[in-house]
Structure formats: C-alpha cells, structure tokens
Amino acid sequence: MKPRRFAGAAGPGTGPEARLKKIRRVVTALIRHERIESTFAKCDEARGYAERLIQIAIKNGDTHRETMDMADYWLEEKDLVHKLFKVLVPRYGPLYDKESFTAMWRLPNKLPGDGQGMSLLELKGNPWPPIQPKQRDTKFLLTNILLEEFKKDYNSQKKISQSTKEISEKTNISKQEVEEIDSNNNASDSVHNKDTDRRT
Amino acid sequence: MKVVPFRVHLQLPHAHTINWYIRKLGCDIKLEVERFHDLDMRRNILSVYRKILQDNKCRCYCSHRHRLTNGEVQKKRVALFDGEKERQMSMIRRIEKISVEYRGVPEECTLIMNKGLSTPFNCAMHLQELLMRRSVVALVNGELWDMHRPLTEDCELTFLHFEDEDPRLVNKVFWRACSFILGYVLERAFKDNHHVQLCSFPPPDVKSGSFVYDADLDLPNWQPTQMELNCLSRIGTRLQHEDLKFDRLEVKASLASEMFEDNRFKSEQIPEIAAQSGRVTLYRLGDHIDISKGPMMSTTAHLARYTVTAVHDVESDKYGPLKRVQGLAIPQQLNLHYWTYNKLVNRASKLNTKHLLGHPVNTDQHRQEASK
C-alpha cells in the first residue's frame with residue numbers, strides 16, 4: 001500500500017506538517033470539549049489519532065516516557081495531558097480492547113454549501129445529552145403482548161405438527177420394511193414349500 | 001322440623017297469624033311470592049315478612065314463583081344502587097379541601113380539590129383535555145385508583161394510559177373491564193325467557209389471549225353460530241359510542257346480598273368476598289351492576305374493537321355446568337390491521353383454560369372447531 005500523501009492544509013506548498021498541525025488542533029479540541037463538529041474528512045482522520053492516544057495512555061500509564069511525548073505532541077493545550085491520564089484513562093480502562101472510545105455521526109449536508117460532508121465526533125460517556133433519542137420500549141403494549149403470545153402459540157403448534165409428521169413418516173417406513181420382510185419370508189416359505197413339494 | 005308454606009298473593013296473611021304459627025307449632029315458614037307486576041311491592045312484602053321472622057328467630061325460605069327476567073332484576077339493582085349512593089353522598093355534610101399534587105405532563109402542579117367528592121377525572125378537567133380523553137386509570141399515592149372514584153386524602157396523582165412506558169397495569173385494568181362488559185352483554189343479549197345468571201370472571205390475564213366470563217345462560221344445548229356471536233359482539237362495540245362511565249360503590253354485604261339474591265352464584269360468593277372487610281365493591285355500567293374488586297377503566301369510549309369469540313361448555317365442581325364466554329378487544333389508542341386482528345380472534349376462540357373452576361366438556365370437539 002502506498003503511504004498517504006498529505007495535501008498542504010494551510011495552502012499550496014505547506015506540506016504534511018500543516019496538515020498534522022490541523023489534525024492536532026482537532027484532537028486537542030476533542031479532548032477539551034468531548035464533542036465537536038467538523039468536516040467528515042477531518043473528523044475521520046483525527047479519530048484514529050485520538051483513539052490511539054487514549055489506547056497507549058491506558059496501556060502504558062503516565063510514567064512511560066514515549067507515551068508522555070506523544071501526549072505532549074498531540075495535545076496543544078498542556079492542561080489536557082492531566083485530563084487524559086486522570087479522567088479519560090479511568091473512564092475508558094474497562095473498554096480497552098473491547099470497543100472504541102469515540103463515536104462519529106454524519107450530519108446532514110447544508111444547502112447551499114461547499115459540498116463538504118459535515119460530521120460530529122465525540123468521546124463516549126461525555127456529559128452532553130445523547131445524540132440518539134431513547135427509543136421507547138413497546139414490548140408491553142397490549143397489542144404487542146397479544147401478538148407475542150400468538151407467535152409463541154403458532155411456533156409451538158408448528159413444532160408439534162412437524163414432530164407428528166416425522167413420527168408418521170418413520171412409522172410408514174417401518175411398515176414398509178415390515179411388509180418387505182413379510183413378503184420375503186412368504187417367498188422363502190413358498191420356496192421351502194416348493195422344495196418340500198419337490199421332495200414329496 | 002315442620003315447614004308451613006304460605007302463598008302470598010295480593011291478600012296477605014296477617015303478621016300475627018304468622019306469629020301464632022311460629023309460637024304454637026314452632027316451625028319454619030316458607031313464603032311463596034306470587035307474581036306481582038309491581039316489583040317494589042313484592043320487595044316490600046318480602047322485607048316485612050323477613051323482619052317478622054327474624055324477630056322470632058325463625059328461618060325463612062322465600063321462593064319466587066314466577067321466572068324472573070333480567071330487565072326486572074336490573075331495575076331492582078339499579079334502584080338499590082341509586083338509593084345507597086344517595087345515602088352515602090348525603091353523609092358528606094361539610095365540604096373539606098385536600099391538596100392533590102399532580103406529577104406528569106403538561107406540568108407538575110398542586111390542585112385544591114373537595115374531599116370525598118372530587119375524582120381524578122375532575123383533576124384532569126382542570127389540567128388538559130388530552131388527559132381527560134386518554135387516561136384509563138389513575139395512580140394515587142402509588143395505588144391504582146378509578147378515574148371516577150372520589151379522592152379521600154392529600155395525595156400524589158398520576159394518570160396512566162395505554163402507550164405509557166410500562167402499560168402492564170393498564171392492560172390488566174382494560175382486560176378486567178372487558179370481562180365486566182362481557183357480563184353487560186350477556187345480561188341484555190337474550191330474550192326475557194332466558195334468565196341469565198352471571199357466575200364470575202377470573203383475574204385478568206392478557207397473555208391467555210382472551211377475556212372470560214363464566215355464566216349460566218339458561219340455554220342448555222346452545223352452540224352459537226357466527227351470526228349470533230357477531231350480534232353479541234355488536235352490543236359491546238356499540239358501547240364505544242355510548243361512552244358509559246364505570247361507577248364504583250362500596251356497600252355492606254347485606255345490601256349486596258339483597259341486590260344479588262336472584263343470582264345463585266353471586267349470593268353464594270358474597271359471604272366469601274365480604275369475609276375480610278364486611279364490604280363489597282360494586283361497579284355500575286349503564287344499568288348493569290356487578291361485583292368486582294376493580295379498578296376499572298374510566299369509560300367505554302376506550303374500546304375500539306370488541307369481539308365475542310366463542311362460547312364453551314365447562315363443568316364446574318362447585319357450580320355445575322356453565323358456559324365460558326370468551327372475547328377479545330383492542331383499545332382506541334392502539335391500532336391493528338384487520339388481518340392481524342382476525343388471527344388473534346382465531347386464537348381467542350380456543351378454550352381459555354386459565355382459572356377453570358372445574359374441567360372442560362368435549363375438549364376434542366372444541367379443538368376441531370377451532371382448527372376449522
């Protein structure tokens with residue numbers, strides 16, 4: 001795979017450094033505010049770096065030199081280093097190796113707009129109100145209870161009818177076998193009889 | 001002991017004649033009351049004789065010669081119910097105020113209401129029309145409370161409806177009310193020569209798929225056709241437009257047994273029901289009165305679909321042969337496609353064995369019918 005070529009984020013000729021600077025600003029803002037809104041491309045790219053930063057912070061702790069260097073690099077505001085180790089590491093410790101620490105949502109396109117898809121990036125467990133409204137549980141509505149019980153009834157009856165079918169099929173087979181055996185026996189008897197006839 | 005029968009026909013034996021019989025012969029007296037067109041008069045006669053006999057510590061057998069009709073019985077019960085209600089209302093001489101703290105939409109607030117007069121429905125009238133329309137039952141201090149039952153003390157009030165977060169309690173109330181309505185349907189569906197005696201309905205169980213009323217329909221070998229079932233259903237469906245309220249009243253056991261003296265099942269059940277508190281809770285829907293612990297839903301306007309699905313023969317150990325009438329209903333707030341509803345109706349027409357007092361009769365036959 002070819003390495004990704006960074007476009008100059010601060011205008012032509014600025015190179016990958018300017019882009020990294022931009023992403024650093026996004027990561028810093030994410031750790032500061034816990035929910036940010038930006039273009040899809042920026043959110044998507046910054047997300048991986050933020051995830052990785054929290055991951056190594058959980059793994060290595062605040063006594064590891066390389067980890068501290070990374071935190072120092074990605075967090076432009078230095079009070080956030082403290083937040084990373086004291087707030088986020090305890091929060092995401094249980095999620096380590098299980099699920100992501102961040103969530104990303106696509107936002108509707110603005111019309112007229114510049115065509116850049118907007119999206120929303122957040123740290124899980126943030127204090128803001130949830131993005132998705134809580135879905136009402138409709139399990140106990142009268143009609144749903146009735147339908148659920150109907151479904152159970154229907155499935156159990158289906159099972160019973162299937163099992164009775166199988167049994168009847170089996171019994172048919174055994175009947176056929178019995179008949180075959182009987183006919184064989186009769187044939188052999190008749191042969192015997194013939195033999196006896198001949199002997200006599 | 002000897003029993004002297006008295007046939008009571010417009011010319012009444014004098015009270016002192018009866019007294020003489022009791023003193024001289026020391027015997028019980030059997031009163032046979034002939035048909036009087038005036039129901040009040042017959043009741044008066046009976047009560048006079050009962051008093052005489054009770055004063056003499058003598059047992060009294062009363063038998064009604066003529067077959068009672070459901071209409072007459074209903075009239076009698078309504079008269080007694082109205083009288084008792086009026087008496088209870090006249091006990092409230094002074095209007096006292098209570099504060100009701102309402103919790104829920106549109107806003108939490110405190111209402112000042114009348115003690116023993118104001119109902120949760122009155123509170124809803126002060127709040128919002130939506131609450132009046134959709135509330136099925138109220139929650140007063142965490143206890144289920146009828147919408148038309150007067151409040152008795154300072155309380156916290158919430159309203160429940162079919163689309164609540166957890167509507168299981170409301171479902172139960174609805175199912176109970178539907179069983180009650182089944183009794184209403186049975187008491188007025190048949191001609192006067194069939195004296196319908198309602199027995200009981202089991203506790204509500206939505207999962208069983210149908211609500212039930214056990215009754216003696218006075219129709220021994222009756223297998224209802226689909227057309228007849230439709231006619232029964234229509235009486236229930238019509239209630240939606242009539243918007244009848246469930247009226248609750250607590251009465252003494254003696255009054256209840258007077259009310260239900262024509263019903264052999266209920267008159268047997270009343271002493272058991274009243275064993276703890278000595279009181280019986282009655283509900284009235286239009287001119288139908290029945291015993292139930294409650295609570296019931298607020299009005300019959302909540303009904304959207306009401307179907308009487310089947311009538312099964314059952315044999316009760318205690319009460320003998322009975323008819324188990326089953327039905328299915330859906331409230332106005334919840335919608336179902338007719339195809340789905342018909343599937344549920346098919347399920348509801350199978351014999352509901354929940355709280356069967358004895359055992360079913362001819363179960364195989366019912367199964368065959370259900371499978372058809």
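Below, all heavy atoms of this structure are taken into account, side chains as well, without hydrogens, waters or symmetry copies.
Crowding of B/Glu108 atom CD: a count of heavy atoms from other residues, nucleotides or ligands under 6.0 Å exceeding 12. Atom CZ of A/Arg35 sits in a crowded spot, with more than 12 heavy atoms from other residues, nucleotides or ligands closer than 6.0 Å. Counting non-hydrogen atoms of neighbouring residues, nucleotides and ligands closer than 6.0 angstrom, the NZ atom of A/Lys124 exceeds 12 such neighbours. For A/Lys78, the NZ atom is densely surrounded, since the number of other residues' heavy atoms within 6.0 Å is greater than 12. Sparse packing is recorded around NE2 of A/His82, with 12 or fewer heavy atoms of other residues, nucleotides or ligands lying under 6.0 Å away. No more than 12 heavy atoms of other residues, nucleotides or ligands shown are found within 6.0 angstrom of CZ on A/Arg65. Other residues, nucleotides and ligands place no more than 12 heavy atoms under 6.0 Å from the NZ atom of B/Lys172. Within 6.0 Å of CZ on B/Arg103 lie more than 12 heavy atoms contributed by other residues, nucleotides or ligands.
Taking non-hydrogen atoms and a 4.5 Å limit, the residue list of residues 91-121 of chain A in contact with chain B is empty. Using a 4.5 Å cut-off between non-hydrogen atoms, no part of residues 130-140 of chain B approaches chain A.
Interface remark: B/Phe174 contributes side-chain atoms only to the contact with chain A (heavy atom separation under 4.5 Å). For chain B, no part of A/Lys151 is nearby; none of its heavy atoms comes within less than 4.5 Å. Heavy atoms closer than 4.5 Å to chain B are found in the side chain of A/Ile145, but not in its backbone.
In this structure a side-chain-to-backbone donor-acceptor pair under 3.5 Å is present from A/Arg136 to B/Glu163.
Side-chain contact between B/Trp175 and A/Leu142 is present, with at least one heavy-atom pair separated by less than 4.5 Å.
A/Thr143 pairs with exactly one of B/Thr340, B/Asn335, B/Asn171, B/Leu334 by the side-chain contact (heavy atoms from CB on, under 4.5 Å) rule, that one being B/Leu334.
Most heavy-atom pairs under 4.5 Å with chain B, from the set A/Leu147, A/Leu141, A/Asn144, A/Leu146: that is A/Leu146.
Of all non-hydrogen atoms in A/Gln157 and B/Lys350, the two that sit nearest each other are NE2-NZ, 3.1 Å.
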